[in-house]
Amino acid sequence: MPGTRDHAAPDPVRTRLAAAGAAALTVGLGLGLRALATGSVAKYGGDGLYTILLLALVVLAAPRVTPLKAAGSALALSCLVEFLQLSPVPAELSRHSTLARLVLGSTFNLPDLFWYSVGAATGWLVHTAVATRRPAPSSTAPG
């Protein structure tokens, strides 16, 4: 019916707010992990969180994206950055900037690709769970 709101359609403003909150939470978890953990836990946990952060940023930019497309995009971006590390560019930028080191890394590491996949799958599961929750029907309908 024209003029009625589809309660099953996602609200882009709420979706963006949730994605921004998820991004902030993910950054906090990543920084906490780097501060508290060492070795493989910090390294590979950070890889998974990196991809989850990218997924949140994809949803922030495109709030109507499906969970599968968001996870696939985040995984593709993560892998692209990892393969970029086969060139000298990220290492050179990382020498001059802490932010570049956090975002781009510096050296290629094949196992990172697996942990990016774990992060994408985890983000997909969470996004799917959140996206399938439907708001309660409005009680203001004429009756």
Side-chain angles (χ1 to χ4, degrees), residues 1 3-141:
M1 175 182 259
T4 61
R5 183 173 176 184
D6 179 6
H7 290 286
D11 178 359
V13 173
R14 284 188 178 182
T15 301
R16 280 194 168 111
L17 286 172
L25 177 64
T26 304
V27 168
L29 288 170
L31 293 173
L33 186 64
R34 288 181 63 91
L36 299 174
T38 60
S40 296
V41 171
K43 166 81 175 103
Y44 297 123
D47 289 343
L49 288 170
Y50 180 82
T51 303
I52 291 170
L53 174 61
L54 289 176
L55 188 150
L57 294 176
V58 167
V59 174
L60 185 64
R64 296 185 195 276
V65 68
T66 66
L68 185 60
K69 286 182 182 178
S73 297
L75 179 58
L77 287 168
S78 297
C79 291
L80 178 68
V81 169
E82 191 67 29
F83 282 108
L84 181 63
Q85 293 169 1
L86 291 170
S87 79
V89 174
E92 181 61 28
L93 292 172
S94 293
R95 276 196 282 279
H96 302 289
S97 167
T98 301
L99 181 60
R101 186 171 53 253
L102 291 172
V103 173
L104 299 175
S106 60
T107 56
F108 179 82
N109 185 28
L110 187 61
D112 289 353
L113 301 175
F114 170 77
W115 293 104
Y116 295 146
S117 299
V118 170
T122 302
W124 173 79
L125 285 170
V126 171
H127 188 188
T128 299
V130 170
T132 56
R133 288 188 356 189
R134 301 280 184 233
S138 175
S139 62
T140 59

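Every value quoted in this text rests on a predicted model; they were computed, and no experiment measured them.
Counting only heavy atoms from C-beta outward, the side chains of V81 and Y50 approach each other to under 4.5 Å. Between L113 and F83, the closest side-chain pair of non-hydrogen atoms falls below 4.5 Å. L102 places a side-chain heavy atom less than 4.5 Å from the side chain of R34. Using a 4.5 Å cut-off on side-chain heavy atoms (C-beta onward), K43 and N109 make contact.
Panel note: side chain T132, backbone A129; a donor-acceptor pair is recorded below 3.5 Å. Of the possible donor and acceptor atoms, none in the side chain of T128 sits under 3.5 Å from a partner among the backbone N and O of L125. With hydrogens and angles ignored, the 3.5 Å screen pairs no side-chain donor or acceptor of Q85 with any backbone N or O of A91.
A distance of 7.5 Å separates NE2 in H127 from OG1 in T66, rounded to the nearest 0.5 Å. Here L84 contributes atom CG and L77 contributes atom CG; the two are 12.0 Å apart, rounded to the nearest 0.5 Å. Going from atom OH of Y116 over to atom CG of L80 covers 10.5 Å, rounded to the nearest 0.5 Å. Of the inter-residue distances, the one linking L49 atom CG with L54 atom CG reads 11.0 Å to the nearest 0.5 angstrom. How far CG of L60 is from CG of L17: 9.0 Å, rounded to the nearest 0.5 Å. Note: T107 OG1 to D112 CG = 8.0 Å, rounded to the nearest 0.5 Å.
Listed by chain and number, the residues in a side-chain contact (heavy atoms from CB on, under 4.5 Å) with P63 are P12, T15, R16 (sequence neighbours excluded). Remark: S40 engages Y44 in a side-chain contact (heavy atoms from CB on, under 4.5 Å) (not counting sequence neighbours).
When all heavy atoms of V59 and A70 are compared, the closest pair comes out as CG2-CB, 3.9 Å. The two residues L75 and A120 make their nearest non-hydrogen contact at CB-CB, 3.9 Å. Across all non-hydrogen atoms, the minimal contact from A131 to P67 is CB-CG, 4.2 Å.
With T51 as reference, S78 is the one residue of C79, S78, S117 to meet the side-chain contact (heavy atoms from CB on, under 4.5 Å) rule.
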>> Could you go through V27 and L31, starting from their C-alpha distance and side-chain angles, then the distance that decides it, and tell me whether this counts as side-chain contact (heavy atoms from CB on, under 4.5 Å)?
In response: CA-CA 6 Å; V27 168; L31 293 173; 3.9 Å; yes
